[in-house]
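All values reported here derive from a predicted model rather than from experimental measurement.
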Amino acid sequence: ESAELLKPFPNKIYSSRMAQGLVNILKPVAHVFDGVHKNYLGEENSFEFNGDKCYECKSILEFDEALTAPFFGFKSAKDYYDFS
């Protein structure tokens with residue numbers, strides 16, 4: 001399972017640094033998500049951006065749970081990983 005691969009050392013360090021990088025990329029463009037309530041699939045009221053939750057992410061799994069999975073129409077990061 002993809003999420004399990006992100007846990008062991010040294011992948012934990014990679015995950016942490018990658019999450020920091022994603023957060024740094026997101027911050028200057030986060031305003032794009034203001035008022036967006038449709039996910040990528042166009043499903044109304046299925047997505048709500050939570051910047052604070054995204055900015056606090058310490059791993060790729062947390063980032064995917066906070067932004068990637070819900071934006072692309074998945075219930076959770078696990079569902080997103082299983083689909084990939």
Value rounded to 0.5 Å, distance of [atom1] in [X] from [atom2] in [Y]:
X: F74; Y: D64; atom1: CZ; atom2: CG; result: 10.5 Å
X: E62; Y: E56; atom1: CD; atom2: CD; result: 9.0 Å
X: F33; Y: H31; atom1: CZ; atom2: NE2; result: 10.5 Å
X: D82; Y: S76; atom1: CG; atom2: OG; result: 7.5 Å
X: N50; Y: L67; atom1: CG; atom2: CG; result: 10.0 Å
X: S84; Y: D79; atom1: OG; atom2: CG; result: 10.5 Å

### Task
Count the heavy atoms of every other residue, nucleotide or ligand shown that sit under 6.0 Å from CD of E48, and state whether that count exceeds 12.
no

### Message
Check for me, please, whether F83 and F72 land in the same ILVMFWY cluster - side-chain distances under 4.5 Å, paths through other members count.
### Response
yes

### Query
With S46, which residues qualify under side chain to side chain donor-acceptor pair (under 3.5 Å), at least two apart?
N39

### Query
Can you name the closest pair of heavy atoms from L41 and G73 and give their distance?
CD1-CA, 4.3 Å

#### Entry: Geometric cation-pi criterion, K27 with Y55: 6.0 Å, 45°
yes

### Query
Where the side chain of E65 meets the backbone of A77, is there a donor-acceptor pair that is under 3.5 Å apart?
yes

### Query
Taking the six-membered ring for Trp, are F71 and F47 parallel (under 30°), tilted (30 to 60°) or perpendicular (over 60°)?
perpendicular

### Message
With a 4.5 Å cut-off on side-chain heavy atoms, are E43 and K38 touching?
### Response
no

### Query
Heavy atoms, side chains only, cut-off 4.5 Å: are C54 and F49 in contact?
yes

